[in-house]
Amino acid sequence: MKRIIVLSISTLLLFTSTVRAHVANISQATALIDGAMQKSLTIINDPSLTTEVKRKKLWPVLTTYFDFTLISELTLGKFAADSTRPLGDYSDRRFTESQQEQFTDAFTIHLGNLYLDRLNNDSKFTVSLTDSSAMKPIRNMQRARVNSLINSKTAIDYSLRFKNHEWRIYDIKVEGRSLVNSFRKEYSALLLKKTPDELLTLLNEKNLAHTESNAE
C-alpha cells in the first residue's frame, strides 16, 4: 500500500510539473507573438518611415518569428520530399530535398511580398491579443494558438510549434481562413499540371517580376 501511495504521489508531482511546464510554454508563445507585434507596430505606425524603409525593417522580423521551412513543407503536403503519401500517376511530382529547399527560398520571398505589399506610408494598425491555448500535438510537436484582433475588427489566429526550445509561427488564420491550407489547395492543383521544376520557375518569375516592378 505504501508503495502505491508513493507511486501515486510521484506520478501526480510529475503530471503537475508537466502541466506547469506546458502552461509556461504557452505563456512563452503568447509573449513571442506580443513581442513580434510590438516590433512590427513600431515600424508600421512610424509616420517618418517610407513604405520602402518599412519593408526593409520588417523583413528581418518576419524571418525571425516565422518557420518558413515548416510552412513550405505543410504547403506542399503530399508532394513534400519527406511525405510517404502515395501520388499514384503523379509520383514524378514529389519534390526532391533540393527542390524543396529551392521552393522554401522562393515561397518565403513570395509570402513576404504578399504581406509587405499591404503596407503604405499611411498604414496604421492596432493589435490586441485575445486568447492563447494549447493545441493537440502533431509528430510529438508541442503546438499553441494565439488569437488576436487587428484594428478591433479582424480576427487573426497564429499557430505556433515548439521545437529546439523555441516557438515559431507556422500558420496564420485570417477570419478562420488558413494561409497554409489556401496555398496547399492552390499548389496541389498546379502540381497536377506542372512538375516541381515548372512550379519553381513560376514562383521565381513572380518574385522577379515583383522586384522589377518595385524598382521602377
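The figures here come from the full heavy-atom set of this structure, side chains too, leaving out hydrogens, waters and symmetry mates. Everything quoted here is computed from the prediction, not taken from an experiment.
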Can you check whether [X] reaches [Y] side chain to side chain, under 4.5 Å on heavy atoms?
{"X": "L160", "Y": "I33", "result": "yes"}
{"X": "L58", "Y": "I44", "result": "yes"}
{"X": "R161", "Y": "Q142", "result": "no"}
{"X": "L179", "Y": "T75", "result": "no"}
{"X": "R94", "Y": "S83", "result": "yes"}
{"X": "L74", "Y": "D171", "result": "no"}
{"X": "D117", "Y": "R55", "result": "yes"}
{"X": "L191", "Y": "L199", "result": "yes"}

Separation between [atom1] of [X] and [atom2] of [Y], rounded to the nearest 0.5 Å:
{"X": "D67", "Y": "E73", "atom1": "CG", "atom2": "CD", "value": "9.0 Å"}
{"X": "S159", "Y": "R143", "atom1": "OG", "atom2": "CZ", "value": "7.0 Å"}
{"X": "K39", "Y": "I43", "atom1": "NZ", "atom2": "CD1", "value": "9.0 Å"}
{"X": "L190", "Y": "L202", "atom1": "CG", "atom2": "CG", "value": "6.5 Å"}
{"X": "T211", "Y": "I109", "atom1": "OG1", "atom2": "CD1", "value": "7.5 Å"}
{"X": "K57", "Y": "L62", "atom1": "NZ", "atom2": "CG", "value": "14.5 Å"}

*Run the salt-bridge test on R168 and E166 with the 4.0 Å N-O cut-off and return the result as yes or no.*
yes
*Give a yes or no on whether L149 and L32 share a hydrophobic cluster (residues Ile, Leu, Val, Met, Phe, Trp, Tyr; joining criterion: side-chain heavy atoms under 4.5 Å apart).*
no
*Honestly curious: do F107 and L208 fall in one hydrophobic cluster under the side-chain, below-4.5 Å linking rule?*
no
_N147 side chain to T130 side chain, donor-acceptor N/O pair below 3.5 angstrom_ = no
*With no hydrogens and no angle check, do the side chains of S132 and R145 hold a donor and an acceptor under 3.5 Å apart?*
no
Minimum heavy-atom separation for [X] to [Y], with atom names?
{"X": "T126", "Y": "S152", "result": "OG1-N, 4.2 Å"}
{"X": "L111", "Y": "F183", "result": "CD2-CE1, 3.6 Å"}
{"X": "R177", "Y": "S182", "result": "NE-OG, 3.2 Å"}
{"X": "S178", "Y": "N181", "result": "OG-N, 3.0 Å"}
{"X": "A106", "Y": "N207", "result": "O-ND2, 3.0 Å"}

*For D197 and T195, run side-chain hydrogen bond (donor to acceptor under 3.5 Å, both in side chains): C-alpha distance rounded to whole Å, both residues' side-chain angles, the deciding distance at 0.1 Å, then the answer.*
CA-CA 5 Å; D197 281 335; T195 66; 5.3 Å; no
*For T30 and L129, what are the C-alpha separation, side-chain angles and deciding distance, and is it a side chain to side chain contact (heavy atoms under 4.5 Å, CB included)?*
CA-CA 8 Å; T30 307; L129 303 186; 4.0 Å; yes
*Kindly state each residue pair satisfying ring pair (Phe, Tyr, Trp, His ring centres under 6.0 Å) with at least one member in residues 123-166, sequence neighbours excluded.*
F162-W167
Polar side-chain atom of [X] near backbone of [Y] as donor-acceptor pair, under 3.5 Å:
{"X": "S148", "Y": "S128", "result": "no"}
{"X": "Q99", "Y": "T96", "result": "yes"}
{"X": "S213", "Y": "A209", "result": "no"}
{"X": "D46", "Y": "T42", "result": "no"}
{"X": "S72", "Y": "F68", "result": "yes"}

*Going through the distances and angles, do T201 and E205 end up as a side chain to side chain contact (heavy atoms under 4.5 Å, CB included)?*
CA-CA 6 Å; T201 299; E205 287 176 348; 3.5 Å; yes
*Check the pair Q100 / T69 against side chain to side chain contact (heavy atoms under 4.5 Å, CB included), numbers first and verdict last.*
CA-CA 9 Å; Q100 191 160 320; T69 299; over 6 Å; no
*Show your working on side chain to side chain contact (heavy atoms under 4.5 Å, CB included) between L49 and K56 and close with a plain yes or no.*
CA-CA 11 Å; L49 300 179; K56 288 181 179 176; over 6 Å; no
Is the gap between the ring centers of [X] and [Y] under 6.0 Å?
{"X": "F79", "Y": "Y90", "result": "no"}
{"X": "F66", "Y": "Y170", "result": "no"}
{"X": "F103", "Y": "F95", "result": "yes"}

_Heavy-atom count check: over 12 atoms from other residues, nucleotides or ligands less than 6.0 Å from D89 CG?_
no
_E175 atom CD, over 12 foreign heavy atoms within 6.0 Å_ = yes
